[in-house]
Structures are given as structure tokens and as C-alpha cells.
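Numbered from 1 within each chain, the chains take letters A, B, ... in sequence-line order.
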Number of protein chains: 4
Amino acid sequence: MDQMKKHDEKAYAILSGAARVFSEKGYHHASMRDISRETGMSLAGMYHYFSGKEEILFSVQRFCFRQVLDELRKRLESVDDPWQKLETVVRNHLEFFTENVTEMRVLSHEADTLVGDYRTHIDEMKREYFSLVASIIRELRGQDWNDAEQRRVTLSFFGMINWIYTWYRPERDGSPQELAETMMSILERGIAPHRPRG
Amino acid sequence: MDQMKKHDEKAYAILSGAARVFSEKGYHHASMRDISRETGMSLAGMYHYFSGKEEILFSVQRFCFRQVLDELRKRLESVDDPWQKLETVVRNHLEFFTENVTEMRVLSHEADTLVGDYRTHIDEMKREYFSLVASIIRELRGQDWNDAEQRRVTLSFFGMINWIYTWYRPERDGSPQELAETMMSILERGIAPHRPRG
Amino acid sequence: MDQMKKHDEKAYAILSGAARVFSEKGYHHASMRDISRETGMSLAGMYHYFSGKEEILFSVQRFCFRQVLDELRKRLESVDDPWQKLETVVRNHLEFFTENVTEMRVLSHEADTLVGDYRTHIDEMKREYFSLVASIIRELRGQDWNDAEQRRVTLSFFGMINWIYTWYRPERDGSPQELAETMMSILERGIAPHRPRG
Amino acid sequence: MDQMKKHDEKAYAILSGAARVFSEKGYHHASMRDISRETGMSLAGMYHYFSGKEEILFSVQRFCFRQVLDELRKRLESVDDPWQKLETVVRNHLEFFTENVTEMRVLSHEADTLVGDYRTHIDEMKREYFSLVASIIRELRGQDWNDAEQRRVTLSFFGMINWIYTWYRPERDGSPQELAETMMSILERGIAPHRPRG
DNA sequence: AATGAATGAGAGTTCATTCAT
DNA sequence: CATGAATGAACTCTCATTCAT
């Protein structure tokens, strides 16, 4: 059982180092040697923990996604008001993205990199996340719009909160909380039901 | 002069093929051989038109960005109302993204790939684009907010319109015009001046 | 056309060097770097002529087999007597094996190494060779035996003439012609029709 | 003593598994991990019984050769007639080859793989086997031929009986007994003294 | 006796790029 | 202008083996 712990800790250390390398150079540009150097483990040694580079990327993504999703579900348990739910989503997402910026950059930027079963698995998690957010947004607006519009709004929302990996720097752009407030202020009025334009 | 034309046409054909390859496989995963195959030109032949792979990526990005910027400036000439200006930005951006999906994917996804002078050059264009949009958004809201908030809003806006390269498919998500309307409906109310939250 | 020649000559030089290396170390133990060293061509350079190690082995085998088969067919054209035909087979086979000992060792020893289409192609040539010899042996003996016996005799014959790659050394074991005579002397009486044993 | 037994049993299990793997993939292509998987013993565990991969191959070959040689000597004890002796050799050899097809394939195909002392040891056994058979064949023919011819005939004989590992399949080619009869029918007349050709 | 962990060496292959023609 | 040929560097991954436990 101590063995188990040691194994997991090393595996986690590899994931952590890999996330840093992937984040900095991008998945394709990063080499297993880079990860080896970053983690201090030998090149061949890493193959004891992961079957290859792709599995490492997959594991990084799955690990992060799980954290985001699990934490979000936990936070949502005690929330009823749909606007507060949305705010919870925004805060949860932004906090994770800003605290684990390297991992999240990998999650966002290398979304299309995986293929096969790895891809399917991650896509499934993404669908979960999307559904959860979509259902909240539906609550906010009611049956006021059709499915396509619903989808467009939800994905516009995701664009806002995902794109930050390309520009957000706390010392310049304020705290994650401030960022969340800015975005909520756009959404509160922007998404709420209103007469069609024109 | 005819020579010139022929040269430019071939160069453009390379860029066009390269954009397709980059879009599909990502810059690092795409090989010069892939581009050679896609364009029908020999591997060595491409080096008559571009000094290397990196210059090709740079040229793709510059070419697209120029089109977006030039067209946008032209369209804005005849617009005065700031809301209509914003709508012009959205429409222009989305139309380009949806009509030149491969090139735009390269522009969005490989933003961090270039380095050195190439990077500086593209960053400069980005700054121009950003400034232009930021000034429009400032008009909309007045001095109602500080610089950081202004910046956060502007970049949230860019998140919305840039992220679409990851999800937008016209047959499912409606025409670019519908997409523009959806986004404008969010922004019209979301960005307009309003009392601070709380 | 001179180009064509040059290309083929280099390709042949690679095959020749590869055959030496394969013969000495065995296919799996031989590295592309070994072949590179033996031929004086750079590691990457060889990939202009062959798609990989396996194709090199395939090409060596196909090249040798073709020579053996083509030469055999040519020699057989002017022969009618079945015993003389068999002698022609033996002489042709042994001469090739002893003159191109390295290539033939590769042909014999790495018969099972290839897989997929490469394997199919070589197996097809083998079947041709086998059929040709089998039909000659059938002539010698008439309908005196059944298919299984026919097959056993033919393959016993091939055992005799193929196995020499493991032991034959001209300075100790005599000329290929002497070897051919020894084998023919066994076969002339051993294969000819005779009363069943017991 | 019980310890001893257990040790030997495990060692034998490793040899048995290794023979299967070597036979299927060839020695060089087979990895210690393959053998570990096949035998169910851990990778490191195997190093308690054998000093390395090469010793495993050596042990497989020695074990098989011993069986063939010991059994042959036993069978020959009660035989006087040289033709019956030869038949005993053929039967013994073919029965072993067909009953232990994987081990024998390793013995035949990986004959040149070993080096150094291992090679010397196996070569010594081979020489014993060769001498034994050569002396029988000499009996059959008397002083009718010179040493080189004697050697050529003996090794042609070995070619016949060794090569079967490349083609023999009982369901298609008949029982080992039938095979032995076919070969003996060739040899009985082919080897017997006869007037020189021409 | 037995094993999980670890590693240096080396494998086949692909890469962007150069250069003689 | 265009290309076939060539290459050094780097890639991911596997290998037989060792060692602490």
C-alpha cells in the first residue's frame, strides 16, 4: 500500500512535468527527452508508468478534466438559483485555469491532438461538461430559443472562458475573481431573456 | 511583370496548400513533404518561394490577417454608430472564419508557434486588431470602467469569436449571419453601460 | 536514362551491401546503421531507395529469386530429357548458391521473416519454383506414387539443395559441379521408379 | 533435494516457454519480456535460473540435442545391420522433429546464433551427431568413395532431414513414419554402392 | 526466491534543409 | 526554375540487464 502510493506519486510527478513541457512547447514539439529532463527520470523509466507519449497527454487531460468536473459538481450541490449556478461554473472554471495554467493550456490547446480511444474518452468528458453548462443556460432563458441558438450561446460562453489561456496574466488582468465578475456582468444581461432584435 | 504574376500565383498555391495541411495536422505534425504532396510541387521547389517551413506559416498567418484587417477597415469607413461598428467587426470576423476555415484555424491555433521576428510581426498585427476593437468597445461604454476591465471585456469578446474554430459547423450551427446575431444579442445587453453588480 | 541507370546502380549497391550484412548477422540483428556503414551511404539516404528495412530484405530476396528462376527457365528451354532437366535444376541452384552465398543465405534463412504483401510475393515465387521442380520429378517417376509422396520427395530434394548454405565450403567440399554430381548420383537411383519396400 | 527438483522444474518451464517464443518469432526478435509473458514468471525472476537470454537459447539447444543423441544411442544399441541403423537415425530424428517442432525449429534455425563457449559446446554435439551418422553411411558404401564425397553425401542426408522444419505438416504430408519411409526409399537406392556415373 | 523499478544503449524511421544538376 | 539525391539531427520506443527490497 506504501508501494501503491509511491507508484502513484511518481506517475503524478511525470504528469506534472509533462504538463509543464507540453504547455511550454506544445505536445508535438515536446519530446520524451524533454519530459525526461524535466522530471529527472530516465527516458526508458517513464515507460514503466505510461505506455507512450500519447498516454501521457491523455492522462494529463483526463486528470485535469476530472478535477474540474468533480469540483464543479461538488460546488453545485448546494446551489439552486440558476444564475448562481452559472456564476459557480465561471468561478470554478477560471480558478482552475488560472491556478493550473500549464495543465489547462494543454487541455485547451491540445484538444484535437488525441485520437482513437483516448480521444473518445476525453470527448465524453467534454460532452458531460457541455451538457451540464447547457442545462444551466437553458434554465436561465427558458424555452425562449431553439436548440441551435441554445448551442450557439453555450459555445460562445465556452469561448469566453476557454480563450483566456491565450492572454490572461493575473498581474495585468486582475484576479480570477475580478475576471469572473467581468464575465458575469456580460452574461447576466446578455443571456437573460429579451425581445428579439430589430 | 507576367513573371511576377506567375511567381505570386505559385507562392499563393503553396500557402493555400500549406494552410490545408497545417489546419488538418497542426503545424508541427505537418511535414514539408506533406505540403509538397498537397501542392504537387517538389520538396526542393518550395524553397524557391519560401526560406523554410516557418516562413510558410508566417506567410499564411500574415496573408489571412491582412485580409481580415483590410476588409474590416474598408467596411468600417461607412459606419458611424459604435454598435453598428461592433456588429461590423463580428460579421467581418465570422465571415472570414467560416469561409476560410482552414486558414483561420491556423491563425488561431498556431498563434504561439512562431518565434523571433516572425512572431513580432504577427503580434503587431494582432495588437492593431485588438486596439481597433478595444476602441470601439470603449465608445460603447464610455469611461464607465477602468483599463483592466476594458481589457477583460475586449478579450472575452475575442474569446467568443475566436473559439468558434473549435466547434462551428454551418450545417448544424446555422449560418455565419445567425451566429453573428446570436453573439450580438449577447453583447448588446451584456456590454452596454449598467450599474455595477451587487 | 542515364539518371535511371544511376538510380538503379545505387539501389543495387544497397541491396548488395544489405545482403552481406544480413548474411553475416541475420536480418533482425542487422541494423540499418550497419547497412549504412557497409554501403557508405548515409542512414537517411537509403530511405530514398527503399521504404524501410523490410523492403530491403524483400528486394534482396526477390532479386535473387528472379535470377535463379529466370536463369533456370532459360537453361531448361533446350532440355528435353527429364533426368537432364533435374540435373539442370541442381546445377543451376547450386551454382547460384555457391556464387552468391550471402544473398542465398538470406533467401534460405530469412524465409519466414517477411510478412504481409512482401511475404505473399516471395511465397508466390517459391510456389513457382516448387511447381516447376515438382513437375520434373513427376515426369521421372510417372504415376507411380500419390500426391503426398510426390510432395515429400520434392521437398526432401529441396532440403538437400537448400541446406548447403549451412555447411558448404568449396575449398573443403569440392566444386559446385562435384556437389551436383554427388547429389545427382543419389537422386538418379533414389528417385527412379522401383518396387515398394518390404 | 526437493528444492533441487523445484528449481529444475521451473528452469525447464522457462526453457519450454522460451522455445515456443523463439520458434515463433526467432531468437533475435523474441524479447525477454515475451518469454516472461509466456512463462508467467517475472522478467527479473528468470535471471535466477539463467544468466541471460543467450544462456536460455543455449540451454534449449543443448537440452534438445541431448535428447536426440541419447535416444538415438539407446536405439542403436540393439541394431547391427547398417541399413537398419540408418533407418533408426531417420526415424529417431523425424520423430523428435515432429513431436517437438518448436524446440527443433530453434535448434535448426538458430544454429549460427550462439557465439563463444556456448557455440563451441553445441558445435561439439553436432560433430558427435555428424560422426555417428557419417560412420553409418560409410558402412553402407564401403571404401567406394573419398572423404569429400562421403561428407557431401552425409550432409545432403542431413539437409533432407533437417529442412523439414520449414515445410512439414502432418495433416498434409503424412505421418512421421510415412515420411521416414519416403526418405529411406530414396536413400536405399541412392546411397548404395553403384557404378560411377557416365 | 522473487519482483517492481530503473536505465544506457540502440533500434527503425522521419525531419527540415541543402546542393549539384 | 525546378528537382532528385543526400544528410545530420532528432524522434519515439524497445531492448537485455541490474539492483534494492
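When heavy atoms are screened at a 4.0 angstrom cut-off, B/Y49 is found touching the sugar-phosphate backbone but no base atom. B/G52 comes within 4.0 angstrom of sugar-phosphate atoms only, judged by non-hydrogen atoms across all strands, and of no base.
Separating the CD1 atom of B/I56 from the C1' atom of E/dC15 is a distance of 14 Å, rounded to the nearest angstrom. Spacing between atom NZ of A/K6 and atom C1' of F/dT21 amounts to 9 Å, rounded to whole angstrom units. One atom, CG of C/L43, and another, C1' of F/dA9, lie 11 Å apart when rounded to the nearest Å. When the P atom of E/dA20 is taken as reference, atom OH of B/Y47 falls 17 Å away, rounded to whole Å. For A/H28 and E/dA16, the NE2 to P distance is 13 Å, given to the nearest whole Å. Atom C1' of nucleotide F/dA2 and atom CD1 of B/I14 are separated by 11 Å, given to the nearest angstrom. One can place CZ of D/R37 at 15 Å from C1' of F/dA16, the figure rounded to the nearest angstrom. Taking atom CZ of residue A/F50 and atom P of nucleotide E/dA5, one finds them 12 Å apart after rounding to whole Å.
When the salt bridge (charged side-chain N to carboxylate O under 4.0 Å, His left out) test is applied to A/E24, no partner is found at least two apart in sequence or on another chain. Under the rule for a salt bridge (charged side-chain N to carboxylate O under 4.0 Å, His left out), D/D117 has no partner lying at least two apart in sequence or in another chain. Remark: A/K25 pairs with A/D34 by the side chain to side chain donor-acceptor pair (under 3.5 Å) rule, at least two apart or across chains.
Among pairs with a residue in residues 46-65 of chain B, none fulfils side chain to side chain donor-acceptor pair (under 3.5 Å), at least two apart in sequence or across chains. Each salt bridge (Lys or Arg N to Asp or Glu O under 4.0 Å) pair with one or both residues in residues 106-115 of chain A, not counting sequence neighbours, appears once here: A/D112-A/R119, A/D112-B/R105.
When each of C/H48 and B/K10 is assigned the nucleotide of DNA chain F bearing its nearest heavy atom, the one mapping closer to the 5' terminus is B/K10. Both D/M46 and C/S31 sit near DNA chain E, but only D/M46 has its closest nucleotide nearer the 5' end. Residue B/M41 is the one, among B/M41 and D/H29, whose nearest nucleotide of DNA chain F lies closer to the 5' end (criterion: closest heavy atom). Toward the 5′ end of DNA chain E lies the nearest nucleotide of C/A30, the other residue of the pair B/A44 and C/A30 mapping further downstream.
The side chain of B/S42 lies closest to F/dG4 when the candidates are F/dG4, E/dG12, E/dA16.
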Which dot-bracket string describes DNA chain E (Watson-Crick N1-N3 plus N6-O4 or O6-N4, or G-U N1-O2 and O6-N3, all under 3.5 Å; [ ] crossing; | other strand)? .||||||||||||||||||||

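A donor-acceptor contact shorter than 3.5 Å is absent between the side chain of D/S36 and the backbone of D/M32.
The base of E/dG10 is not paired with the side chain of C/R33 by any donor and acceptor separated by under 3.5 Å.
Partner of B/F63 under the ring pair (Phe, Tyr, Trp, His ring centres under 6.0 Å) criterion, chosen from B/F96, B/F58, B/Y12: B/Y12.
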